[in-house]
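Everything below concerns the one structure shown next.
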Amino acid sequence: MNSVVSANKPIRDYSIQLHALQNGCFSDPFSFLGLHLVSDQEYELRVYLPGATSVSILIEGQEHVLKRYLNSDLYLLATTRATLSHQDKLSISYGKSKQVKHDVYRFGCQLDEQILYLFNEGTLEHAYQHLGAHFVTHEGIKGVRFAVWAPNAQSVSVIGDFNCWQRCEHFMRLHPASGVWEIFIPELKADQCYKYSIVDNYGNVQDKADPFAFKMQQAPGTASVLQPLVRRKTITQKQQAARAKRNHISAPVSIYEVHLGSWKRRSQEHNRYLTYRELADDLVPYVCEMGFTHLQLMPISEYPFDGSWGYQPVGLFAPTSRFGSFEDFVYFVERCHDLNLGLLIDWVPGHFPSDPHGLHKFDGTHLFEHADARQGFHPDWNTYIYNYDRPEVKSFLLANAMYWLDEFKLDGLRVDAVASMLYLDYSRKDGEWVANKYGGRENLGAIDCLQQVNKRCYGNDPSIMMVAEESTAWPGVTNSVDNNGLGFGFKWNMGWMNDSLGYMSRDPIYRQHHHHEMTFSMAYAYSENYILPLSHDEVVHGKGSLLSKMPGDDWQQFANLRAYFAFMYAHPGKKLLFMGSELAPRSEWDHNQSLHWGLLAHESHAGIQKTVKKLNEIYTTTPALYECDNTPAGFQWIDCNNAEQSLFSFARFGKKNTELLVVICHLTPQVFHQYRIGVPRAGVYEVVLNTDDKALFGSGVEVVGGKQKLVQAVNKPAHGFTQSIEISIPALATVYLRWITG
């Protein structure tokens, strides 16, 4: 039997608890709210419901009215019942409206203390499965489990559109050993908005987005959004094998880097973005048609400021909703894999922005970032730097890397601004940084974090590729962790990019004095597993487009660019081109506008696109251009010293003896006829590329005569070789000759 306490019993003093409830700061709500034993066989049900005018509960078919405590929002019911069942729901009146719902304080904890221990240890690689907001069935009831790490908070509440954003209704339970707060709220729905209302030790209140949210509002909204973790189609054995093949160190890797917001826009519809589904059906087939092997997306983790291009994210686990829903992004991923196109995304573990709903001073303290600005603030970007020495931060970042790779089966991550993570004095003057415990400038915590991320990601799936954007000479970026490296699979070759772009921007008359800028990269070409990047960074902030960097008149600019692209594709290292490079725009990239697709109506611009497509076709079908990128056996200079004529010639070799390609890159406006050049092997050579071809908007100078474009090596010494060929070399052009027979 259930009984209500008689009216003549003395009223208990709950003034302290009521004050805490009314002020929205209750550190241990489960010790007071819910059903509690108050004396021998006597229990009391306590609920706090701001704004309620009456509360009752139906127990075994009988309605019991809870009594209001001292005209407050606290309601009480005395009963002999020790537990409440699934059917025992509260009936709550709010004036003319009524709600029927479970008392959240009757549900026990669902978190595993061992899991929380691993999180605190810095090794919980799937922390996103435990923290954040998850749709679960708990004690037979469907709802959402919320969990957030805020160890220094006095109180944490879940607020949302389901409780009118009141922080006094859903106070969370603290796990003191781990600093994690959690609560289960029944019967919530997808797409409802929420935040955590956090009271710090000084009584200050901040409403924070969920660091582990799978969906977030678009700016100016700042709330997290309830989103079930939608799993993509299971990757097939065939797809897994294809991924392992395309990401291998000896595979052809040609990456098309894309900013989803400006690849194309719907100009007739207020310049709107394409959706993930539209991009899946337009962008993905285009990249495949152009012959690229991989698509790389600039950051898609939710970010508030469009002008950051995604490099200042606040929702690391949330695919940006600018382009559609979570499910739409899953469709985009599946479309890539269906067409055997590798998919990489930019990952930003180096810093985070100062938006008040983000990670900065999350629980009132410098939780995710260093308290000392010399360690925790980034002067270049006005952002905050993660405290990599804190184990929970390592779990957070490790779990985020795992999330993108495991849940979406992406091919890999390109890690942004690695150099800024590695050096404590990065972009700082003397006195503006703090040395490590050995007195050095290496960020030991960041090094360990990167090593653990790479080791665990590759350990879980060796077929992925982890790529570092690292701009210094840090040793062993692509060495394994066991060999004292950082454990990346590939590194961007920023030195090659800077040197070659510097050379190409010079007038041909001066290039002879800077010949080494095109040859120096071979001095260190095998020190790492390199990717040659011509990325978005090279076509913004006053640097000009690639075409505008090229010297000479209009025709010469296009000729220079075609020759440069062909030089890049022949140079050891994997390839990366930023979107639009194939269109050769004259203006810089603008993230607010679509690429200039109308340029393809002009033969000159279309010629660049045809060149890139042809280069991808040759590259992916010519093992000599990719199989031995990381070994001296794959490359041999023919003539690297012809500065006077700005002419570079070399041979590329594959693993098989039959794989040989001769490359000649000539970067002056002159034409050379009857030019003799040494070749490594006797036999017949076929011209497979001439960037001066009329079909590419070239002048049409033929390397060799005849329709078959064949030239026979003869027994005449040249450039240190016993065999040589005689050809014409066009102006501002790169030529490929494939050895086809002895």
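Here the structure is a predicted model, which means the values were calculated and not measured. No hydrogens, no waters, no symmetry mates; every other heavy atom, side chains included, goes into these values.
- Under a 3.5 Å cut-off, the side chain of N23 and the backbone N or O of C25 do not form any donor-acceptor pair.
- Under the 4.5 Å side-chain criterion, counting only non-hydrogen atoms from C-beta, F317 is in contact with N400.
- The backbone N or O of F32 sits less than 3.5 Å from a side-chain atom of R46, completing a donor-acceptor pair.
- The side-chain contact (heavy atoms from CB on, under 4.5 Å) test applied to L424 returns W433, N436, N443, not counting sequence neighbours.
- In this structure, Y303 has its ring center at least 6.0 angstrom away from the ring center of Y311.
- Ring to ring, Y403 and F408 are close: their centroids are under 6.0 angstrom apart.
- K215 is listed as a side-chain neighbour of D191, based on a closest heavy-atom distance under 4.5 Å.
- Looking at T123 and R456, their side chains come closer than 4.5 Å, going by heavy atoms from C-beta outward.
- From Q17, atom CD reaches atom NE2 of H19 across 12.0 Å, with rounding to the nearest 0.5 Å.
- Distance alone, capped at 3.5 Å, places no donor-acceptor pair between the Y276 side chain and the V333 backbone.
- Classification of E182 and R173 as a salt-bridged pair holds, one side-chain N sitting under 4.0 Å from a carboxylate O.
- When all heavy atoms are compared, the tightest approach of C168 to P50 is CB-CG, 3.8 Å.
- With S308 contributing its side chain and G310 its backbone, the two residues share a donor-acceptor pair below 3.5 Å.
- Residues W381 and H351 form a side-chain contact, since some pair of their non-hydrogen atoms from C-beta on lies under 4.5 Å apart.
- Counting heavy atoms from C-beta outward, L422 and L450 have side chains that approach closer than 4.5 Å.
- By the side-chain contact (heavy atoms from CB on, under 4.5 Å) test, L116 is found to be paired with L111, E113, H175, S178, V180, residues two or more places apart in sequence or in another chain being considered.
- Ring pair F329/F323: centre-to-centre distance not below 6.0 Å.
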Output, in order, the C-alpha distance, side-chain angles, deciding distance and verdict of side-chain contact (heavy atoms from CB on, under 4.5 Å) for V453 and W347.
-> CA-CA 12 Å; V453 166; W347 187 48; 4.0 Å; yes
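- Summarising the local packing, NZ of K101 is surrounded by more than 12 heavy atoms from other residues, nucleotides or ligands at distances under 6.0 Å.
- The residues R441 and D425 are annotated as salt-bridged, a charged nitrogen and a carboxylate oxygen being separated by less than 4.0 angstrom.
- Ring-centre distance between Y128 and F212: not below the 6.0 Å cut-off.
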Run the side-chain donor-acceptor check on residues 362-371: report pairs under 3.5 Å with partners two or more places apart or on a different chain.
unit_1, atom_1, unit_2, atom_2, d
D363, OD1, T365, N, 3.1
D363, OD1, T365, OG1, 2.5
D363, OD2, N152, N, 2.8
D363, OD2, N152, ND2, 3.2
T365, OG1, N152, ND2, 3.0
H366, ND1, E369, OE2, 3.1
E369, OE2, H360, ND1, 2.7
E369, OE2, K361, N, 3.0
H370, NE2, N387, OD1, 3.2

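- In this structure, CG in L410 is found 6.0 Å from CG in L405, a value given to the nearest 0.5 Å.
- Within a 6.0 Å radius of CG in L37, other residues, nucleotides and ligands contribute more than 12 heavy atoms.
- One side chain, E392 or N120, offers a donor N or O that lies under 3.5 Å from an acceptor on the other.
- No hydrogens or angles considered: a donor-acceptor pair under 3.5 Å links the side chains of R322 and T320.
- Atom CG in L226 sits 11.0 Å away from atom CZ in F214 (nearest 0.5 Å).
- Y426 meets the side-chain contact (heavy atoms from CB on, under 4.5 Å) test with H378, D380, A419, S420, Y423; sequence neighbours excluded.
- Separation of the F26 and Y48 ring centroids does not fall under the 6.0 Å cut-off.
- In this structure, the side-chain hydrogen bond (donor to acceptor under 3.5 Å, both in side chains) partners of E63, at least two apart in sequence or on a different chain, are S56.
- Remark: side-chain polar atoms of Q375 are not paired, donor with acceptor, to backbone N or O of D372 under 3.5 angstrom.
- Remark: F488 CZ to E469 CD distance equals 10.5 Å, nearest 0.5 Å.
- When only modelled atom types and interatomic distance are considered, H357 and T222 share no side-chain donor-acceptor pair under 3.5 Å.
- The residues K394 and D448 are annotated as salt-bridged, a charged nitrogen and a carboxylate oxygen being separated by less than 4.0 angstrom.
- Applying the 6.0 Å contact sphere to OH of Y94 captures more than 12 heavy atoms from other residues, nucleotides or ligands.
- Between the CD1 atom of I185 and the CD atom of E187 there is a distance of 11.5 Å, given to the nearest 0.5 Å.
- Counting heavy atoms from C-beta outward, N460 and E125 have side chains that approach closer than 4.5 Å.
- Take S27 and apply the side-chain contact (heavy atoms from CB on, under 4.5 Å) test, not counting sequence neighbours, and it matches no residue.
- Annotation: the span from F377 atom CZ to S354 atom OG amounts to 7.0 Å, rounded to 0.5 Å.
- Taking the six-membered ring for Trp and the full ring otherwise, the centers of F30 and F107 sit at least 6.0 Å from each other.
- Between Y69 and Y75, the distance separating the two ring centers is not shorter than 6.0 angstrom.
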